[in-house]
Amino acid sequence: MTVVTRFAPSPTGFLHIGGARTALYNWLFARHHAQFGSGGRFLLRIEDTDRKRSNDEAVSAIYDGLTWLGLDWDGDAVSQFSNAARHVEIAERLLTEGKAYKCYCSAEELQEMRDTARAEGRSMRYDGRWRDRDPVEAPGGVAPVIRMKAPLVGETVIPDLVQGEVTVANDQLDDMVLLRADGTPTYMLAVVVDDHDMAVTHVIRGDDHLTNAFRQFQIYRLLGWDVPEFAHIPLIHGADGAKLSKRHGALGVEAYRDMGFLPEALCNYLLRLGWSHGDDEIISSDQAIEWFGLDTVGRGAARFDIDKLTSLNGSYIRQADDARLVELILPTLKKTLGNQLSEDTERRLTRGMAGLKERAKTIPALSESAEIYARVRPFELDEKALSLVEGEGRDHLQNLANLLAEHEEWRADGLQDTVRAYAEGGDIKLGKAAQPLRAALTGRAVSPSIFEVMEILGRDETLGRLEDVLNRG
Ligand code: GLU
């Protein structure tokens with residue numbers, strides 16, 4: 001059997017972190033079955049029936065967010081709104097079959113039911129007053145809603161692939177509206193019809209939809225359709241245990257991109273937020289496709305921890321291709337330095353990237369550390385660096401500048417030998433010589449190996465930068 005999953009966001013905001021994780025799980029489940037089972041497809045449906053709250057910008061943000069994360073969907077995205085006629089057709093079919101009915105309740109009557117429920121301390125349930133009433137009693141000039149006939153007795157049991165067996169007594173479910181008085185379908189009807197028409201086999205979504213699942217289950221039953229498997233995944237909470245909100249960093253995925261996170265790091269983090277494979281922390285996309293299953297999705301709420309994401313991002317930066325990282329830092333670098341970067345600089349950045357990426361945990365941090373290769377002479381030294389090129393430091397710098405001017409083969413190991421020999425000759429620690437060099441060449445007290453930096457800067461730039469500092473007086 002081909003597994004068909006879907007991601008069905010409502011385009012009312014951006015693709016937030018919880019939605020991205022839902023999409024990821026659906027994508028992985030489908031791709032796993034495509035590669036290791038008997039087929040799998042991942043579909044995208046934009047639930048845009050609420051015209052007032054849906055907007056094109058949010059739809060684009062969903063496409064962009066999924067694309068950035070590498071979660072490609074099969075076929076064209078489906079617009080739920082464009083299926084409205086089909087939803088109406090199904091509601092009318094249920095009406096004809098006597099499985100749904102027209103309800104002419106006024107707003108006042110419904111309000112009364114709501115008030116009574118509140119007074120009795122229970123949630124509002126429609127009392128079924130039009131369920132068996134003769135339609136000839138219908139008041140004139142009132143457009144009815146269409147309600148489903150929900151079972152009155154017994155219970156509904158859903159074997160949820162994450163939550164286990166979940167049961168609700170049917171007298172807790174009321175005769176839900178399928179079609180509003182203005183003829184528009186409700187979400188509950190639309191989602192069932194679309195999932196059926198799209199041949200969805202597995203509905204994987206946040207557990208805030210668990211109560212909807214009972215109602216949807218009844219609609220499937222009334223229609224005589226196969227019920228898909230349900231898997232309701234626990235929501236993401238903040239580090240303090242409260243439901244994730246903006247305060248915790250529940251931002252759109254584009255905000256994480258702009259903060260300098262790599263998509264593969266965010267995917268890996270979201271994957272582990274609620275699913276595990278032993279103690280594995282770093283899991284590539286291929287491994288995730290191979291290993292992913294719903295049986296190891298946790299039942300407890302996962303906690304979002306930006307520090308963990310940041311540290312995982314550092315691991316992915318270390319693994320990332322150097323040329324790609326250069327591309328990623330260029331916009332920030334140009335903005336910070338306010339200049340176009342020469343080809344020479346770009347070459348230096350590419351050569352220096354292996355050393356730079358060892359330390360950075362985000363792209364902006366990487367860009368900041370890369371400034372050392374992109375500076376235009378003469379440049380300012382930071383305070384710490386300035387203190388290193390004064391007094392004794394300056395003397396060492398002068399001596400080293402003289403020595404290096406004579407240095408022939410401009411390679412890190414040879415340069416290191418020269419500086420080491422100088423330190424040994426003067427009976428000083430290597431750092432006493434290397435730190436002023438670092439300060440003068442990079443403007444900072446911290447950088448990748450200074451000998452590597454010298455090799456990458458090249459002879460002329462290195463000697464020029466030293467001269468600038470020595471000429472400062
Ligand atoms: N459109 C719903 C939402 O964005 C999801 C519906 C579903 O997955 O069944 O919460």
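Computed from a prediction, not measured in an experiment: that's the story for all the values here.
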Check [Y] with [X], please: is the shortest side-chain N to carboxylate O separation under 4.0 Å?
X: D322; Y: K357; result: yes
X: R93; Y: E89; result: no
X: E452; Y: R351; result: no
X: R45; Y: D76; result: no
X: D307; Y: K361; result: no
X: E346; Y: R348; result: no
X: D64; Y: R257; result: no

**Message:** With side chain to side chain donor-acceptor pair (under 3.5 Å) as the criterion, how do R205 and T22 come out once you've worked through the C-alpha distance, each side chain's angles and the decisive distance to 0.1 Å?
**Reply:** CA-CA 6 Å; R205 60 187 174 190; T22 301; over 6 Å; no
Centres of the [X] and [Y] rings: under 6.0 Å?
X: Y269; Y: F304; result: yes
X: Y63; Y: W73; result: yes
X: Y316; Y: F261; result: no
X: W275; Y: Y25; result: no
X: F14; Y: H16; result: no
X: H202; Y: F29; result: yes

For [Y], does its backbone N or O pair with a side-chain atom of [X] as donor and acceptor, under 3.5 Å?
X: T184; Y: R180; value: no
X: D382; Y: R444; value: no
X: Q163; Y: H232; value: yes
X: S367; Y: I363; value: no
X: T362; Y: G260; value: no
X: R6; Y: D195; value: no
X: H33; Y: V3; value: no
X: D48; Y: F81; value: yes
X: K99; Y: L222; value: yes
X: T186; Y: L178; value: yes

Is there a side-chain contact between [X] and [Y], using heavy atoms and a 4.5 Å cut-off?
X: Q218; Y: P151; answer: yes
X: T5; Y: V200; answer: no
X: V153; Y: D171; answer: no
X: Q319; Y: E264; answer: no
X: I283; Y: W291; answer: yes
X: L66; Y: L44; answer: yes
X: R359; Y: V446; answer: yes
X: E383; Y: L388; answer: no

Working to the nearest 0.5 angstrom, can you tell me the gap between [X] [atom1] and [Y] [atom2]?
X: L24; Y: L71; atom1: CG; atom2: CG; answer: 5.5 Å
X: T167; Y: I158; atom1: OG1; atom2: CD1; answer: 9.0 Å
X: S284; Y: D286; atom1: OG; atom2: CG; answer: 5.0 Å
X: E455; Y: L415; atom1: CD; atom2: CG; answer: 7.5 Å
X: R122; Y: M124; atom1: CZ; atom2: CE; answer: 9.0 Å
X: L333; Y: T345; atom1: CG; atom2: OG1; answer: 8.5 Å

Is atom [atom1] of [X] surrounded by more than 12 heavy atoms (other residues, nucleotides or ligands) closer than 6.0 Å?
X: K334; atom1: NZ; value: yes
X: D321; atom1: CG; value: yes
X: K308; atom1: NZ; value: no

**Residues F7, L43; criterion side chain to side chain contact (heavy atoms under 4.5 Å, CB included); working and verdict** = CA-CA 6 Å; F7 177 49; L43 309 179; over 6 Å; no
**Request:** Applying side chain to side chain contact (heavy atoms under 4.5 Å, CB included), run through I219 and M176 and close with a yes or a no.
**Result:** CA-CA 10 Å; I219 303 180; M176 184 180 41; 3.8 Å; yes
**Request:** Go through L266 and V253 one step at a time and tell me if the side chain to side chain contact (heavy atoms under 4.5 Å, CB included) criterion holds.
**Result:** CA-CA 9 Å; L266 188 55; V253 294; 4.2 Å; yes
**Request:** Evaluate side chain to side chain contact (heavy atoms under 4.5 Å, CB included) for I289 paired with F36, printing each intermediate quantity in order.
**Result:** CA-CA 9 Å; I289 288 174; F36 301 97; 4.1 Å; yes
**Complete:** Between L179 and A91 the two heavy atoms that sit nearest each other are CD2-CB, 3.9 Å
**Asked** Which heavy atom in V389 sits nearest to a heavy atom in A440, and how many Å separate them?
**Response**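 Heavy atoms only, the tightest pair is CG1-N, 4.0 Å.
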**Request:** For E461 and R465, run salt bridge (charged side-chain N to carboxylate O under 4.0 Å, His left out): C-alpha distance rounded to whole Å, both residues' side-chain angles, the deciding distance at 0.1 Å, then the answer.
**Result:** CA-CA 6 Å; E461 180 72 15; R465 288 185 181 192; 2.7 Å; yes
**Message:** Which label fits W225 and Y220: parallel for a plane angle under 30°, tilted from 30 to 60°, or perpendicular past 60°?
**Reply:** perpendicular
**Request:** Give the intermediate values and the outcome of salt bridge (charged side-chain N to carboxylate O under 4.0 Å, His left out) for residues R221 and D226.
**Result:** CA-CA 8 Å; R221 280 292 146 92; D226 286 343; over 6 Å; no
**Message:** With side chain to side chain donor-acceptor pair (under 3.5 Å) as the criterion, how do R438 and T442 come out once you've worked through the C-alpha distance, each side chain's angles and the decisive distance to 0.1 Å?
**Reply:** CA-CA 6 Å; R438 184 189 311 282; T442 69; over 6 Å; no
**Request:** Start with the C-alpha distance between E229 and T201, add both sets of side-chain angles, then the distance that settles side chain to side chain donor-acceptor pair (under 3.5 Å), and finish with yes or no.
**Result:** CA-CA 6 Å; E229 300 279 358; T201 59; over 6 Å; no
**Request:** Show your reasoning for whether salt bridge (charged side-chain N to carboxylate O under 4.0 Å, His left out) applies to R411 and D417.
**Result:** CA-CA 10 Å; R411 293 204 8 215; D417 290 345; over 6 Å; no
**Message:** Run E155 and N170 through side chain to side chain donor-acceptor pair (under 3.5 Å) and show every step you take.
**Reply:** CA-CA 5 Å; E155 46 183 38; N170 287 338; over 6 Å; no
